[in-house]
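Remarks on the structure that follows.
Lettering of chains follows the sequences in order, A, B, ..., and the numbering in each one begins at 1. Computed over heavy atoms, backbone and side chain alike; hydrogens, waters and symmetry mates excluded.
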Amino acid sequence: MQIKDTLMRISKTCKTVIAPSTQDEYAKTQAYMASVVLEKIALQIALEEKHDLEMASAYQALVDEVSLILNNRKYSKNLSSEIHNGLENFSRNKSRSGLDIFVKQLYLSKEALGEELVNKIKERVHVTMRADIDFRMEFAK
Amino acid sequence: MGTRVTEQQILEYLCINIPHEKDHRLTNIERVTVGWSHETWLFDLITTVNGVERTLPLCLRRDPGNTLLRNLSNLETQFKVLQCLEKTKLLAPKVYWYESDTKILGAPFLVMEKVSGVCPSPWGKNGRDFYEKASRRGVLPVDFSKTLAILHTLDWKKSGLEFLGVPSPDRGFALAEINKWKSLIDVSDHQPEPILTDLIYWLEENAPLSQRVTLVHGAYRTGNILIEEDRISAVLDWELQTLGDPMYDVAYVLSDLNREGTNLLSNVVDRDIFFETYESMTGWTIDEKICRYYDALYAMRSVAFWMSASGLYASGRSDDIRLARTAWSVTVVLERAAKNLGY
């Protein structure tokens with residue numbers, strides 16, 4: 001039996017056996033809520049591998065495309081090394097927390113980079129963040 | 001988590017505080033199980049005064065130290081605010097005692113009046129039906145709008161509410177709120193969320209100028225007000241109050257966050273009625289652009305709430321599984337915030 005199926009079974013037991021037979025109102029609510037939480041964890045575990053693979057390629061695409069933007073002659077003349085370092089750090093830590101650091105760096109370098117370039121990079125970053133949140137909504141809803 | 005409070009402990013405390021009356025006993029004791037905050041007990045205290053029986057309806061709120069707002073919610077502040085409000089036209093519970101001594105009930109607590117009225121939850125079918133019917137009768141929607149206008153136009157300086165801290169001028173209020181919710185996020189020990197980071201920077205860059213400073217409730221909606229015969233008998237939940245931009249409360253009323261399956265604002269009032277009543281009573285124009293900004297700030301605040309709540313469960317500071325469930329609410333609110341930011 002897969003771990004997801006086991007969790008789903010326990011969730012069902014909480015909902016259909018434990019909660020209905022619990023007299024105390026608070027404990028009954030807790031049993032129903034445990035059922036909901038276990039169901040979400042089960043779904044999250046089931047989708048995790050697919051999500052991780054999809055996001056790994058989404059993060060790589062982001063690194064590639066932001067590199068292209070930064071290497072565009074229109075912008076590359078005035079660029080500080082900070083943003084290049086930021087992107088390099090993100091490419092070494094392609095994850096949600098890595099992206100979080102890159103977003104912070106982007107805002108902190110706003111003055112140096114100029115509004116137009118920052119907006120262009122942000123627009124591309126938003127595509128990746130949207131993909132991530134859409135995946136997570138599959139089990140969060 | 002924390003210590004349990006017994007009926008006997010409450011009774012002993014009340015005997016000490018009302019020494020000139022006799023035969024103290026408690027009846028109609030009810031432990032309120034809804035909400036995410038302080039523990040709440042409702043009961044009637046029966047005593048005898050000169051041979052005549054007297055009933056005092058009371059509400060006791062205790063801070064177990066692991067509420068969703070953590071150190072941002074303080075019963076002593078709540079007690080002081082309610083004391084100040086007694087001098088105003090705003091209907092709120094009268095407070096009797098505040099005790100910081102944890103030896104009495106194991107945690108700080110306050111005792112206040114149990115105001116008569118009902119407070120149906122707007123999130124269930126019964127509650128929604130209740131508010132929809134009240135909306136059709138027409139009294140409650142106007143009273144709901146008028147009460148917010150009373151709250152915003154009361155003289156907070158004269159009432160002694162200055163201790164809440166006057167925000168610095170211009171963008172001070174919005175920036176102070178952002179910092180407040182950042183501090184809750186910081187102590188929640190949650191994984192980094194780039195959408196949240198993006199939202200916070202956007203909020204900081206676009207913080208609006210406040211036109212005026214008033215008392216702000218911070219969570220003015222159905223579910224946080226008591227209703228008796230279609231009129232508000234008390235405004236409750238004084239935990240998020242501050243001094244600041246009244247549009248912050250107005251935005252909360254206008255927000256989609258506070259209605260479900262209906263166009264009625266806060267499940268009870270038609271948009272036009274709310275605008276007409278509020279604007280005519282205050283003499284101010286509702287600034288919808290600023291309200292949209294505050295709606296985004298509420299998204300940040302919601303994320304802070306759910307990160308804090310799920311963190312309390314994960315760290316073992318609370319055993320309430322409802323808090324664990326909120327870990328997924330973070331995702332739901334972030335998705336909505338991303339949409340509002342245009343992606």
Side-chain angles (χ1 to χ4, degrees), chain A residues 14 18-19 24-41 43-44 51 55 59 62 90 93 95-111 115 118-119 121-141, chain B residues 1 4 30-36 39-41 121 124 178 182 185 189-206 299 302-303 306-307 309-310 313-314 318-343:
Chain A
C14 284
I18 301 172
D24 180 76
E25 273 308 305
Y26 179 76
K28 190 190 275 286
T29 310
Q30 293 291 303
Y32 277 121
M33 201 44 76
S35 160
V36 173
V37 169
L38 286 169
E39 202 178 304
K40 289 203 174 294
I41 295 172
L43 203 54
Q44 186 166 342
H51 184 184
M55 282 315 297
Y59 289 138
L62 176 63
F90 173 53
N93 176 19
S95 63
R96 198 176 298 139
S97 58
L99 184 55
D100 187 66
I101 296 168
F102 183 65
V103 169
K104 280 180 189 152
Q105 192 124 41
L106 195 56
Y107 275 97
L108 294 174
S109 317
K110 197 168 181 177
E111 215 169 300
E115 190 129 0
V118 168
N119 286 341
I121 298 172
K122 256 169 58 182
E123 210 173 284
R124 182 57 190 84
V125 168
H126 287 164
V127 173
T128 306
M129 295 203 290
R130 168 48 66 186
D132 182 37
I133 203 79
D134 281 346
F135 273 125
R136 292 163 69 191
M137 283 299 282
E138 287 178 33
F139 49 80
K141 273 187 283 194
Chain B
M1 295 279 130
R4 289 179 74 89
E30 185 192 343
R31 165 88 195 266
V32 179
T33 53
V34 294
W36 305 87
E39 297 167 353
T40 305
W41 286 265
S121 163
I178 294 168
K182 262 166 122 174
I185 290 164
D189 201 22
H190 201 278
Q191 295 296 310
E193 291 284 0
I195 295 178
L196 177 63
T197 302
D198 193 30
L199 173 63
I200 293 171
Y201 277 109
W202 183 89
L203 287 167
E204 285 173 342
E205 286 182 353
N206 292 280
S302 295
V303 171
W306 305 140
M307 283 183 168
S310 52
Y313 187 82
S318 169
D319 281 338
D320 187 346
I321 304 176
R322 292 178 311 155
L323 302 188
R325 161 74 182 82
T326 64
W328 290 276
S329 305
V330 171
T331 307
V332 173
V333 182
L334 286 175
E335 195 278 335
R336 183 176 173 271
K339 209 171 272 169
N340 288 345
L341 288 175
Y343 60 97

Checklist entry - Are any of the side-chain heavy atoms of Phe135(A) and Thr331(B) separated by less than 4.5 Å? => result no
Item to check | Rounded distance [0.5 Å steps], CZ in Arg322(B) versus OH in Tyr32(A) | outcome: 16.0 Å
Checklist outcome for this item: By side-chain contact (heavy atoms from CB on, under 4.5 Å), Leu43(A) pairs with (sequence neighbours left out) Leu47(A), Phe139(A)
Item to check | Value rounded to 0.5 Å, distance of CD1 in Ile195(B) from CG in Asp132(A) | outcome: 7.0 Å
Item to check | Region of Glu193(B) that comes under 4.5 Å of a non-hydrogen atom in chain A | outcome: both
Checklist entry - Any idea which of Ala338(B), Pro192(B), Ser329(B), Ala324(B) has the most non-hydrogen atom pairs under 4.5 angstrom with chain A? => result Pro192(B)
Checklist entry - Passes side chain to side chain contact (heavy atoms under 4.5 Å, CB included), Glu25(A) versus Arg31(B)? Steps please. => result CA-CA 11 Å; Glu25(A) 273 308 305; Arg31(B) 165 88 195 266; over 6 Å; no
Checklist entry - For Gln191(B), is it the side chain, the backbone, both, or neither that has a heavy atom closer than 4.5 Å to a heavy atom of chain A? => result neither
Checklist outcome for this item: So CE of Met137(A) and CD of Glu335(B): to nearest 0.5 Å the spacing works out to 4.5 Å
Item to check | Which of Gln44(A), Met33(A), Lys110(A) touches chain B most, by non-hydrogen pairs under 4.5 Å | outcome: Met33(A)
Item to check | Interchain contact, Glu123(A) with chain B, by part (heavy-atom threshold 4.5 Å) | outcome: neither
Item to check | Heavy atoms of other groups near Glu111(A) CD, more than 12 under 6.0 Å | outcome: no
Item to check | Distance in Å, Trp328(B) CH2 paired with Lys40(A) NZ, rounded so as to fall on 0.5 Å steps | outcome: 7.5 Å
Checklist entry - Where do His126(A) and Leu341(B) land on the side chain to side chain contact (heavy atoms under 4.5 Å, CB included) test, with the steps shown first? => result CA-CA 10 Å; His126(A) 287 164; Leu341(B) 288 175; 5.8 Å; no
Item to check | Segment of Ile41(A) engaging chain B (4.5 angstrom heavy-atom cut-off) | outcome: both
Next on the checklist: Treating Gln30(A) as the side-chain partner and Ile321(B) as the backbone partner, does any N or O pair qualify as donor plus acceptor under 3.5 Å?
Outcome noted: yes
Next on the checklist: Working to the nearest 0.5 angstrom, can you tell me the gap between Tyr107(A) OH and Glu204(B) CD?
Outcome noted: 10.0 Å
Next on the checklist: Less than 4.5 Å to any heavy atom of chain B: does that hold for the side chain of Leu108(A), its backbone, both, or neither?
Outcome noted: side chain
Next on the checklist: Side chains of Arg96(A) and Pro194(B), heavy atoms from C-beta outward: is any pair under 4.5 Å?
Outcome noted: yes
Checklist entry - Non-hydrogen atoms of chain B under 4.5 Å away: do they reach the side chain of Val37(A), the backbone, both or neither? => result both
Item to check | Other residues, nucleotides, ligands: >12 heavy atoms within 6.0 Å of Asp189(B) CG | outcome: no
Item to check | Reported OH-to-NZ distance for the pair Tyr201(B) and Lys122(A), which is rounded to 0.5 angstrom | outcome: 11.5 Å
